Amino acid sequence: MAKLQSPRGTSDLLPQDMAGHRHVINTAKTISLSFGFEEMATPIFEFTEVFARPLGETSDVVSKETYSFTDRGGEALTLRPEGTAGVVRALISAGLTQTLPQKFFYAGPMFRYERPQKGRMRQFHQIGVELLGVPGAVGDAEVITMGHMILSRLGVADKCILNINTLGDTESRLAYRQALVEYLSAFRGQLSEDSQRRLDLNPLRILDSKDEGDIALLVDAPRLDHYLNADSKAHFDAVRRYLDAAEIPAIINPRLVRGLDYYGHTTFEFITDALGAQGTVMAGGRYDGLAAMLGGGDVSGVGWAAGIERLAMLADVPPQQAVNVMMIGMSDDHMARLFTLAVSLRQQGLRVETGYAPHLGKQMKRADRIEAQQVVILGDDEAARGVAILRSMVDGAQTEVALVDLVAHLLAQHKEQ
RNA sequence: GCGGGUGUAGCUCAGUAGGUUAGAGCGCCAGAUUGUGGCUCUGGAGGCCGCCGGUUCAAAUCCGGUCACUCGCCCCA
């Protein structure tokens with residue numbers, strides 16, 4: 001067994017993995033751009049405050065899952081555990097709060113010190129979008145629609161179900177929170193250990209407890225939708241009308257909540273049952289309170305993030321460009337001749353492999369392994385006559401083509417395909 | 001952080017009433033075929049049996065610890 005391995009919870013993206021990874025990013029980027037969301041990037045580490053302030057002490061992510069360190073200058077820094085805080089920080093840093101709305105797409109690594117599982121790594125990668133400065137339901141709907149289109153294009157939409165819910169505005173949420181705490185406090189002793197802790201820190205999260213006892217207690221608990229004020233109801237109704245118009249099927253899941261204070265109104269997740277316990281493929285919501293927590297004033301926001309590894313596991317990944325031609329020269333002189341021709345072909349978009357040693361049998365074997373469509377062979381006999389052998393690896397058919405015509409000949413064949 | 005499962009060749013895995021030089025298939029390399037791949041045949045390389053310690057005359061095998069992977073909880077993408 002290899003003694004030398006990457007740190008726990010990290011993995012290498014070898015070409016096969018990278019192909020899926022890149023495909024997810026490219027697809028998401030293309031579709032995001034069609035909605036007017038342009039790509040940006042933020043640093044992979046920020047001042048610890050950027051995450052600590054909005055995510056708060058009640059969040060496990062910040063309290064025990066971050067990679068935090070002090071740099072040589074004494075600054076408290078943290079590797080980003082998620083993307084939204086950094087994007088909003090960047091928005092504020094650049095003064096873009098003056099020119100709203102702003103629409104961003106991003107992709108990159110995130111870091112959380114967690115126990116690794118399938119689809120859950122310590123360094124993992126996300127794509128995400130953020131729409132800043134649009135408080136209306138059309139913003140929620142646009143972001144969800146964009147997410148759905150990306151999942152469709154990747155071939156994973158029909159493996160997922162869109163769950164949506166509303167947390168209401170601050171007024172509605174606080175009223176409900178109070179009612180829920182009052183109700184559950186009477187049963188405190190019967191709640192699971194985790195939920196007893198949540199009752200003080202983060203009562204809404206009890207709603208999505210998986211503990212059977214908790215679930216039974218929640219049957220008669222107050223319902224969030226009964227505490228929504230008129231504005232909150234209108235917002236959620238409008239979001240649902242938009243989704244209907246876009247013909248995106250969704251189920252209302254009253255237990256879908258977010259623990260963080262800056263989340264309000266719409267929350268949603270695309271969930272699959274194909275990845276075991278890590279079923280959430282894309283998750284997001286409205287976070288109108290976040291910018292204010294970072295000192296950026298009242299800027300509404302809505303967005304989502306999705307795990308690239310999880311998406312890549314579910315997606316249909318198209319094959320890489322095939323090897324169109326492999327050049328085999330029987331000596332350095334002959335190879336040099338083909339070298340020049342190869343450059344011309346590559347400039348025209350063909351994928352051309354180089355034969356690295358003048359041993360025909362070996363090179364043919366390699367051509368077979370890399371699934372080259374054709375090989376060009378140039379040896380003494382051919383060079384003397386100004387031709388090269390062109391062999392199809394598919395059917396073994398072999399012809400001779402004048403060296404001066406070779407590039408044009410291969411390009412013409414390539415275009416026919 | 002908590003609980004379960006699994007670590008033997010590059011890959012997938014056999015191999016325990018503890019007992020000589022630890023196996024198979026695939027892959028890799030070479031030859032048959034010295035300038036022509038796939039198919040076939042022949043041969044070859046490649047293992048501190050995850051690591052450390054213990055029990056024993058003797059450990060891949062039993063015991064303890066540890067590391068890694070994996071499934072679930074927590075949390076989350």
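A, B, ... follow the sequence lines: proteins, then strands. Residue 1 opens every chain. For the numbers below, each heavy atom of this structure counts, side chains included, while hydrogens, waters and symmetry mates do not. Computed from a prediction, not measured in an experiment: that's the story for all the values here.
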Salt bridge check: are [X] and [Y] linked by an N-O gap of less than 4.0 Å?
X	Y	result
A:E46	A:R89	yes
A:E353	A:R366	yes
A:E400	A:R385	yes

Ignoring hydrogens and geometry beyond distance, is a side-chain donor-acceptor pair present between [X] and [Y] at under 3.5 Å?
X	Y	result
A:Y287	A:E130	yes
A:E269	A:N163	no
A:S195	A:D214	yes
A:D140	A:H235	yes

request  = Show the numbers, then the answer: is there a ring pair (Phe, Tyr, Trp, His ring centres under 6.0 Å) between A:Y183 and A:F187?
outcome  = CA-CA 8 Å; A:Y183 169 82; A:F187 304 101; 5.2 Å; yes
Taking a pair as Watson-Crick or G-U wobble with both distances under 3.5 Å, which nucleotide is matched to [N]?
N	result
B:rC2	B:rG72
B:rC62	B:rG54
B:rG7	B:rC67
B:rA30	B:rU42

Tell me what [X] touches on the nucleic acid: a base, only sugar-phosphate, or nothing, going by heavy atoms under 4.0 Å.
X	result
A:G9	sugar-phosphate
A:E269	nothing
A:V394	base

Interatomic distance at [atom1], [N] relative to [M], whole Å:
N	M	atom1	value
B:rG10	B:rU20	P	24 Å
B:rU42	B:rU33	P	16 Å
B:rA9	B:rA45	C1'	11 Å
B:rA17	B:rC63	P	15 Å
B:rG53	B:rU61	P	14 Å
B:rA32	B:rC39	C1'	14 Å
B:rG31	B:rC52	C1'	45 Å
B:rA22	B:rU16	C1'	14 Å

For the backbone of [Y] and the side chain of [X], can you confirm whether one donor and one acceptor N or O come within less than 3.5 Å of each other?
X	Y	answer
A:Q126	A:P109	no
A:E75	A:L77	no
A:K159	A:L314	yes
A:R122	A:E114	yes
A:W304	A:V143	yes

task = Please name all residues satisfying salt bridge (charged side-chain N to carboxylate O under 4.0 Å, His left out) with A:R80, sequence neighbours left out, ordered by chain then number.
result =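 For A:R80 there are no salt bridge (charged side-chain N to carboxylate O under 4.0 Å, His left out) partners, ignoring immediate neighbours.
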ask   = Out of A:L228, A:V257, A:T266, which one pairs with A:L167 under the side chain to side chain contact (heavy atoms under 4.5 Å, CB included) rule?
value =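 For A:L167, the side chain to side chain contact (heavy atoms under 4.5 Å, CB included) check succeeds only for A:V257.
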query = Under 6.0 Å from the CZ atom of A:F69, do we count more than 12 heavy atoms belonging to anything else shown?
reply =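 Yes, CZ of A:F69 has more than 12 neighbouring heavy atoms, counting only those of other groups under 6.0 Å.
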Euclidean distance, atom [atom1] of residue [X] to atom [atom2] of [N] [Å, nearest integer]:
X	N	atom1	atom2	answer
A:I206	B:rC74	CD1	C1'	15 Å
A:M335	B:rG35	CE	P	17 Å
A:F111	B:rA77	CZ	P	16 Å
A:N163	B:rC76	CG	C1'	15 Å
A:D214	B:rC74	CG	P	10 Å
A:D273	B:rG72	CG	P	12 Å
A:I215	B:rC73	CD1	C1'	14 Å
A:L390	B:rG35	CG	P	21 Å

Going by number, which of [range] have a non-hydrogen atom under 4.0 Å from RNA chain B?
range	value
residues 302-331 of chain A	A:A305, A:G307, A:R310
residues 362-373 of chain A	A:K362, A:M364, A:K365, A:D368, A:R369
residues 374-388 of chain A	A:I377, A:G379, A:D380, A:D381, A:E382
residues 113-131 of chain A	A:E114, A:R115, A:Q117, A:K118, A:G119, A:R120, A:M121, A:F124, A:Q126

ask   = Nearest to the side chain of A:R198 - B:rG35, B:rA77, B:rC75?
value =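 Of the options given, the side chain of A:R198 lies nearest B:rC75.
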inquiry  = Of the listed nucleotides (B:rC74, B:rU36, B:rC76), which one gets closest to any side-chain atom of A:Q398?
reply    =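 Nearest to the side chain of A:Q398 among the choices is B:rU36.
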Taking N or O atoms only and anything under 3.5 Å, show me the protein contacts with nucleotides 41-43 of chain B, one pair per line.
none

message = For A:H334 and A:D380: C-alpha separation, side-chain torsions, deciding distance, then whether side-chain hydrogen bond (donor to acceptor under 3.5 Å, both in side chains) applies.
response = CA-CA 8 Å; A:H334 298 321; A:D380 291 340; 2.7 Å; yes
message = For the NE2 atom of A:H21 and the CG atom of A:L311, what is their distance to the nearest 0.5 Å?
response =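 Reported value, rounded in 0.5 Å steps: 10.5 Å.
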